[in-house]
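Given the structure is predicted, the values throughout are model-derived calculations rather than measurements. Numbers for residues simply follow the sequence, beginning at 1.
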Amino acid sequence: MKREYAEQIVNQYINRIYSFVKQRISNEQDVLDVAQEICLNIYRALSVKQVHSIDGFVWTVARHTLINYYRGKQKSYFNVSIDNDAMEFKDTGKTPLEQMIEKENYEKIRNEIAYLSKMQRKILIMYYYEEKKQAEIAKILGIPLGTVKWHLNAAKGELKKGMEKMREIKDLKFNPVEFSIVGLSGGIGEMGAPIKFFRSALSQNIVYSICRKSRTIEQIADLLGVSPVYVESELDFLEEYSLVVKHKNKYIANILIDEPTEEMLERQKHLYETVSSLIANELYDSIMEGKYLESDEIYGPDNDKNFILWSLIFYLLAWAESDSFEEKIAFEEAATIRADGGKNIINCTIKNRVGDEYLKMTKMDRFCGPCWNGDNEIMLWLIDGDWTEKRVGQHYGGANIIRDLNLLKRFAKGEKLSVEDYTFLLEKHYIKKSAGDFVFAIVVLKDGKTKQQLFELTKQIKNRVLTQVENQIDTYKKNILASETLPEHLRIQQEYCNQYMFHSDGWFMLYAKDALVNSGRLKPVEKEQRYSVTEMVIFKNSDMDEQ
């Protein structure tokens with residue numbers, strides 16, 4: 001460091017140094033002498049040496065100089081450990097001050113090593129720390145000797161550059177992001193819900209740091225203010241499950257990330273309130289006027305029409321089979337196949353004030369769906385929200401729902417089940433006991449004329465309304481695609497999701513629910529019904545026994 005800087009540091013600490021010595025020595029002349037000696041040692045060292053931590057260095061010099069004072073008084077010499085510092089001054093042929101400066105630089109070098117590439121780091125550690133010969137390192141790593149020498153020279157160069165500059169401070173070091181919602185389109189794998197992939201705040205911030213621009217491990221580490229070693233291990237995991245993709249030595253996120261703004265949310269609120277209200281209210285009125293609920297193809301416990309409509313109306317709004325829109329992008333084109341067997345598009349929302357307020361206002365923070373699982377005989381469909389008792393868990397769907405489907409089919413056919421099976425269906429609130437018999441506790445819809453009529457009715461209403469507001473919807477979609485947080489390689493994922501606006505769209509379900517409840521069309525269900533509401537089982541053939 002320059003002498004001017006050394007003098008500045010001494011002047012900055014001189015009063016505190018005097019107070020430090022004053023508390024430990026009673027003789028005023030000795031206080032002045034020791035304080036002066038401390039300042040002189042600091043000035044000499046900082047004039048010629050670079051120190052990593054100034055504050056720690058100053059007080060270590062102060063303590064060491066004070067120890068020398070005590071040694072002179074006691075006429076004895078001994079090794080000493082200063083407070084909780086791990087540094088011990090030993091007889092190495094160097095003065096304690098030189099040892100201390102060497103340790104400071106060692107600590108800084110150790111920090112800088114973390115920013116080297118994996119190969120350079122391995123070679124440097126083997127060579128300098130494990131004291132292996134270059135030929136031995138080449139044999140262990142299976143690389144040519146010349147490559148080892150090249151990496152050693154490159155690593156030395158990188159260390160020198162790192163020692164000469166301060167690392168840039170970025171917002172993510174002090175203001176990390178957090179995901180408020182992690183959702184998906186498609187099927188889960190063995191890992192379960194997509195939040196499982198983001199096992200720490202570090203993984204969330206790594207993905208966010210590369211959501212717009214590809215970066216190297218070192219660049220990501222700089223942005224986050226952490227060691228590249230930790231970034232590297234998290235990236236290995238994220239890359240394994242295709243949450244990030246790597247090109248050469250740079251990584252970029254492979255998930256959709258939304259960062260809410262007041263302008264964006266206001267546009268969404270206006271569009272969804274208008275369209276959802278028009279479609280949902282007209283569909284409800286048309287179902288009631290058409291007396292569809294009198295059909296024997298629709299079953300609801302206790303023939304409760306309000307309870308039936310809570311499930312039926314949202315199923316019709318969400319089920320794509322009832323629509324006639326053209327799917328320009330197939331799911332297979334946009335979805336990612338993950339290492340755990342899942343095939344999906346993952347979407348995360350960044351937590352912030354405007355987003356939090358919006359989630360609470362819409363109750364999206366308590367929403368999940370639409371979800372459907374089934375085979376060629378049966379379909380189990382549901383959505384969860386603030387009007388239900390939660391049923392969708394971390395591992396809902398896929399292989400985890402096979403037992404449910406098989407037991408529902410057997411129950412519908414009138415088969416005798418075991419006590420354990422009945423208990424399972426009761427605990428899941430699929431069935432209940434009524435007049436001594438077990439009956440369905442959820443809505444049942446069978447294939448037939450009524451189902452097709454309802455699909456056609458829904459399609460007509462949606463097409464008419466969506467045609468009326470087509471320009472507004474197109475403008476909204478274009479704004480989403482123009483977002484700065486959407487890199488080009490994820491455009492196809494966003495375009496796929498845009499296709500399903502006002503179809504199998506969670507926001508559509510929520511705003512439709514608000515419209516129906518606020519208009520008085522749907523009434524809150526009874527407490528015991530909250531475990532089964534907005535859940536349906538759909539049988540794809542009509543040979544099921546009525547329960």
Side-chain angles (χ1 to χ4, degrees), residues 172 176-217 219-221 223-224 226-247 250-260 331-352 355-356 359 364-371 373 384 390-401 485-487 489-494 496-497 506:
L172 288 178
V177 300
E178 180 183 350
F179 293 163
S180 58
I181 292 180
V182 181
L184 62 75
S185 297
I188 64 170
E190 293 179 359
M191 286 284 289
I195 187 62
K196 291 281 190 177
F197 291 113
F198 303 101
R199 53 192 183 180
S200 66
L202 177 60
S203 61
Q204 294 182 22
N205 282 269
I206 287 174
V207 173
Y208 178 74
S209 73
I210 51 176
C211 68
R212 307 177 193 181
K213 178 182 176 182
S214 60
R215 290 187 165 93
T216 65
I217 291 174
Q219 289 169 335
I220 297 169
L223 287 172
L224 271 56
V226 299
S227 166
V229 177
Y230 299 119
V231 171
E232 189 174 43
S233 64
E234 282 299 317
L235 277 172
D236 287 343
F237 173 81
L238 294 169
E239 185 186 9
E240 178 186 357
Y241 288 96
S242 304
L243 300 170
V244 304
V245 291
K246 182 181 180 182
H247 179 63
K250 290 189 174 182
Y251 297 82
I252 193 163
N254 191 37
I255 62 171
L256 296 171
I257 296 181
D258 298 324
E259 195 159 5
F331 179 67
E332 288 69 23
E333 295 179 68
T336 299
I337 300 175
R338 308 199 187 275
D340 69 333
K343 186 176 182 180
N344 49 56
I345 297 170
I346 292 179
N347 184 292
C348 302
T349 301
I350 300 299
K351 182 181 178 66
N352 61 24
D356 285 351
L359 291 177
M364 177 56 89
D365 57 340
R366 298 182 59 186
F367 179 82
C368 185
C371 305
N373 295 273
D384 268 349
K390 294 282 186 176
R391 294 183 302 274
V392 177
Q394 292 281 359
H395 292 277
Y396 180 82
N400 301 302
I401 211 77
T485 60
L486 182 67
H489 75 285
L490 293 179
R491 187 179 182 87
I492 190 171
Q493 293 188 20
Q494 188 62 64
Y496 172 84
C497 294

> Taking it one step at a time, do E239 and V245 satisfy side chain to side chain contact (heavy atoms under 4.5 Å, CB included)?
Replying inline: CA-CA 6 Å; E239 185 186 9; V245 291; over 6 Å; no
> Hey, mind stepping through I252 and H247 against side chain to side chain contact (heavy atoms under 4.5 Å, CB included) and telling me if it holds?
Replying inline: CA-CA 8 Å; I252 193 163; H247 179 63; over 6 Å; no
> Should C497 and L256 be marked as a side chain to side chain contact (heavy atoms under 4.5 Å, CB included) after you check the CA-CA gap, both sets of side-chain angles, and the distance that decides it?
Replying inline: CA-CA 10 Å; C497 294; L256 296 171; 4.1 Å; yes
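One finds the CD1 atom of I206 at 5.5 Å from the CD atom of E234 (value rounded to the nearest 0.5 Å). Going from atom OG of S180 over to atom CG of D365 covers 9.0 Å, rounded to the nearest 0.5 Å. Remark: L223 CG to K213 NZ distance equals 9.0 Å, nearest 0.5 Å. To the nearest 0.5 Å, atom CD1 of residue I210 and atom OH of residue Y251 are 9.0 Å apart. A distance of 4.5 Å separates SG in C211 from CD1 in I257, rounded to the nearest 0.5 Å. With rounding to the nearest 0.5 Å, the separation of CG in L184 from CD1 in I255 is 11.5 Å.
In this structure, the side-chain hydrogen bond (donor to acceptor under 3.5 Å, both in side chains) partners of T336, at least two apart in sequence or on a different chain, are N254. Taking R212 as the reference, E259 meet the salt bridge (charged side-chain N to carboxylate O under 4.0 Å, His left out) condition, with sequence neighbours excluded. When the salt bridge (charged side-chain N to carboxylate O under 4.0 Å, His left out) test is applied to R215, no partner is found at least two apart in sequence or on another chain. In this view, F367 satisfies the ring pair (Phe, Tyr, Trp, His ring centres under 6.0 Å) rule with no residue, not counting sequence neighbours. Shown here are the ring pair (Phe, Tyr, Trp, His ring centres under 6.0 Å) partners of Y241, two or more places apart in sequence or in another chain: F197, F237.
Aromatic ring pairs are classed by plane angle as parallel below 30°, tilted from 30° to 60° and perpendicular above 60°; the pair F179 and F198 is perpendicular.
The minimum heavy-atom distance between V392 and C371, with the atom names listed, is CG2-SG, 4.3 Å. The heavy-atom pair separating P228 from A221 by the smallest distance is CG-CB, 3.6 Å. Nearest heavy atom pair, residue Y496 against residue A334, reads CB-CB, 3.7 Å. Closest of all the heavy-atom pairs between I220 and S209 is CG2-OG, 3.6 Å.
Residue I337 qualifies as open at atom CD1: its count of foreign heavy atoms under 6.0 Å is 12 or below. Atom CD of E240 has more than 12 heavy atoms from other residues, nucleotides or ligands within 6.0 Å.
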Can you give the donor-acceptor pairs under 3.5 Å from side chains of residues 342-351 to other protein atoms, not counting sequence neighbours?
residue	atom	partner	partner atom	Å
N344	OD1	R338	NE	2.6
N344	OD1	R338	NH2	3.3
N344	ND2	G187	O	2.9
N347	ND2	D258	OD2	3.4
K351	NZ	D356	OD2	3.1

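Looking only at distances, no side-chain donor or acceptor of Q494 sits under 3.5 Å from a matching main-chain atom of R491.
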